[in-house]
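Any value given below was found using the heavy atoms of this structure, including those in side chains, with hydrogens, waters and symmetry copies removed.
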Number of protein chains: 2
Amino acid sequence: MVANIRDVARIAGVSVTTVSRVLNHHPYVQEEKRQAVLAAIEKSGYVKNMNAVNLSTGQTGMIGVVLPFTDHPYFAALLKGLAEEARAHRKKLVLFQTDYQADQEIEALEMLKHKQIDALIFCSRSSEWQVIKPYQSFGPIVMCEEIQEDVSYTFIDQYQVFLNALHYLDQKGYQQIGYCIGRRSGTNSQARERAYRDFLKSRQFPVNESWIFENCYHVQDGERVLEEISVATQRPDALLVTNDQTAAGILIKAQEKGFSVPEDLGVMGFDNHPIAGMLSITTIELPLEEMGRKLFRQSLKQEISKEEVYVKLVERKTV
Amino acid sequence: MVANIRDVARIAGVSVTTVSRVLNHHPYVQEEKRQAVLAAIEKSGYVKNMNAVNLSTGQTGMIGVVLPFTDHPYFAALLKGLAEEARAHRKKLVLFQTDYQADQEIEALEMLKHKQIDALIFCSRSSEWQVIKPYQSFGPIVMCEEIQEDVSYTFIDQYQVFLNALHYLDQKGYQQIGYCIGRRSGTNSQARERAYRDFLKSRQFPVNESWIFENCYHVQDGERVLEEISVATQRPDALLVTNDQTAAGILIKAQEKGFSVPEDLGVMGFDNHPIAGMLSITTIELPLEEMGRKLFRQSLKQEISKEEVYVKLVERKTV
DNA sequence: TTGTACGCGTTATCAA
DNA sequence: TTGATAACGCGTACAA
């Protein structure tokens with residue numbers, strides 16, 4: 001019933017090659033035969049089976065994207081940039097929402113190996129580099145972190161950015177600085193932690209492990225952080241908060257609890273998400289969509305490249 | 001260089017059929033030969049090419065998802081549910097971020113036609129049903145709206161929900177009610193508009209076209225709405241706002257402009273996004289993740305089904 | 001400019 | 001339990 005290229009050829013009275021040429025807009029085909037083929041396609045209800053094309057060419061036009069969640073503004077913004085660029089290149093994105101589960105990352109890598117996707121972009125990862133590395137032989141792999149390995153990536157100099165932010169808080173007179181972060185592991189987080197510890201040491205500021213708050217992603221996490229602070233005996237006087245959602249939660253709860261910001265507590269966010277504007281949060285703007293676009297372009301190239309993007313301090317009212 | 005199933009067969013001294021059986025964990029294969037095949041796979045560095053499998057089976061294990069943006073909380077939540085269920089079924093999602101461009105929807109439909117994806121889920125659409133309809137013969141298509149056609153969908157009874165919300169505002173004494181919406185077109189939006197007009201007529205409330213605000217998706221849109229209201233000669237005393245982001249923008253700006261909510265202006269949001277909790281917005285909670293999960297399950301079935309999900313009023317302080 | 005014939009790598013069928 | 005062989009549908013040298 002369903003016609004294939006051979007049926008079309010038969011009906012049109014030409015060879016499959018000619019049909020293929022018409023299909024792919026190749027030159028070297030008489031207008032007359034072209035029309036005959038087109039008519040045969042119409043008549044037979046022929047539909048191209050891309051799986052056969054993929055098998056023959058060894059490509060699928062699909063690029064995999066690994067990220068923990070899509071419902072967090074950070075990753076949503078990254079994804080937006082990726083999707084824009086993918087559309088511009090007429091490629092499609094296959095989503096791997098991992099929830100930071102390594103097995104989902106492996107599935108993505110396996111799909112690269114099995115030629116279901118042409119390349120793979122990691123917006124974040126749980127797996128060790130050593131497990132990812134061998135898959136590079138199956139296609140381009142792109143990371144979103146500064147990693148000292150032979151792989152393409154787009155990065156922000158997290159160490160320097162964090163250090164600058166700390167200096168800024170220092171300048172404003174804060175001396176008991178803590179920070180909120182998603183997870184402690186991950187190259188980006190560890191660069192931040194190094195910056196933090198180096199800074200405290202250089203300034204001889206007090207170190208208090210309980211001023212490092214983990215699992216901070218959403219508004220609720222920020223509320224939790226302020227709850228903890230409010231009952232602590234030793235309180236930080238400023239927080240570096242690695243996303244604006246958490247910063248927002250902190251502010252909301254601070255108001256509730258009667259903490260005044262920035263007097264009792266300085267709060268510096270990251271991302272410059274619209275919520276930061278709403279609540280007048282001083283924040284560090286990250287060019288997430290641009291990162292997404294760069295990441296995508298890197299996934300198209302065989303050559304390894306390293307791209308840096310830069311942040312911008314947005315001064316508002318919480319520091 | 002790269003080994004295929006025939007190479008493996010040759011090395012193991014068996015037929016390709018036997019290799020295929022081992023690969024697919026079929027019974028009917030001697031342990032001895034099994035081991036030989038496994039050894040041959042190891043030795044040859046054999047990697048399965050899924051495109052060949054897809055060609056042979058006519059399936060890809062990929063499901064397409066069409067949505068305008070991924071960086072809006074409404075669609076992000078839907079996508080989260082979809083992704084969860086996809087993972088549970090070991091399927092992958094292919095993303096079509098359309099920005100409401102019909103041509104992107106066509107591309108998705110064409111991929112279904114060309115067997116690149118097994119099914120297609122529309123979270124929203126710009127195309128006429130008539131253009132989508134013929135593609136149903138190529139695989140399951142699932143919609144996220146109540147549409148009187150022979151197609152699967154998961155829906156909220158938008159007419160009734162909007163009507164209930166309007167009655168609630170009425171009960172609270174508001175009489176000059178307007179509303180904010182994303183776009184006027186779309187089944188869901190039109191059901192809401194019908195509810196709105198029917199309600200006003202039944203109550204003989206004034207109709208004022210300028211109280212219908214379009215293009216409301218983000219916080220900034222809400223700010224814009226309140227700017228407009230503040231300079232209007234005839235002001236609404238309450239707004240139904242079809243997403244919490246816009247509602248939040250309205251509140252922020254209202255505070256700036258010295259409008260008091262709910263006294264001067266009642267605001268009722270939709271979604272029950274975390275931001276609604278933060279700003280104590282009275283809102284109608286939509287079970288978006290559940291919708292995503294249902295939509296995904298429908299995409300796996302050939303039979304057409306219609307699934308309803310239900311909303312919940314969350315009373316807070318803006319009405 | 002056109003056609004033949006083979007390659008792509010797997011699964012399915014059917015006979016042994 | 002195993003194997004030979006035919007699909008699956010398209011792209012493309014190479015020959016004409």
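Remark: C1' of D:dC8 and CD1 of A:Ile5 are 13 Å apart, rounded to the nearest angstrom. The distance between atom CD of B:Gln59 and atom P of C:dT10, rounded to the nearest whole Å, is 18 Å. One can place OH of B:Tyr28 at 16 Å from C1' of D:dG3, the figure rounded to the nearest angstrom. Here the P atom of nucleotide D:dG3 and the NZ atom of B:Lys33 are 4 Å apart, to the nearest Å.
With D:dT2, D:dA7, C:dG3 as the choices, the nucleotide that has an atom nearest any side-chain atom of B:Ser56 turns out to be D:dA7. Nearest to the side-chain atoms of A:Val14 among the listed nucleotides C:dG3, C:dT2, C:dT11 stands C:dG3. For B:Leu55, the side-chain atoms get nearest to C:dG9 when compared with the rest of D:dT2, C:dG9, D:dG11.
When the side-chain nitrogen and oxygen atoms of A:Thr18 are compared with OP1 and OP2 of C:dT2, none of them lie within a distance under 4.0 Å. The side chain of A:Lys115 places no N or O atom within less than 4.0 Å of a non-bridging phosphate oxygen (OP1 or OP2) of C:dT10. For B:Thr57 and C:dT11, the shortest distance from a side-chain N or O to OP1 or OP2 is not below 4.0 Å.
Note on A:Glu107 versus B:Arg90: salt bridge recorded, some NZ/NE/NH1/NH2 to OD/OE distance being below 4.0 Å. Between B:Arg87 and A:Asp99 there is a salt bridge, since a side-chain N of the basic residue sits under 4.0 Å from a carboxylate O of the acidic one. Using a cut-off of 4.0 Å between Lys/Arg side-chain N and Asp/Glu carboxylate O, A:Arg125 and A:Glu145 are scored as salt-bridged.
The residue A:Asn51 sits apart from the nucleic acid: no heavy atom pair falls under 4.0 Å. Residue-level contact check: A:Asn24 touches the backbone only, with heavy atoms under 4.0 Å from sugar-phosphate atoms and none from bases. The residue B:Val16 sits close to a base: some heavy atom pair falls under 4.0 Å. When heavy atoms are screened at a 4.0 angstrom cut-off, B:Val47 is found touching the sugar-phosphate backbone but no base atom.
Ring orientation note: the planes of A:His72 and A:Tyr217 are nearly perpendicular, at an angle over 60° on the 30°/60° scale. The aromatic rings of A:Phe69 and A:His218 sit tilted, their planes meeting at an angle between 30° and 60°.
You'll find a donor-acceptor pair under 3.5 Å spanning the side chain of B:Arg21 and the base of D:dG3, going by distance alone. Between the side chain of A:Thr17 and the base of C:dT4, a donor-acceptor pair under 3.5 Å is found.
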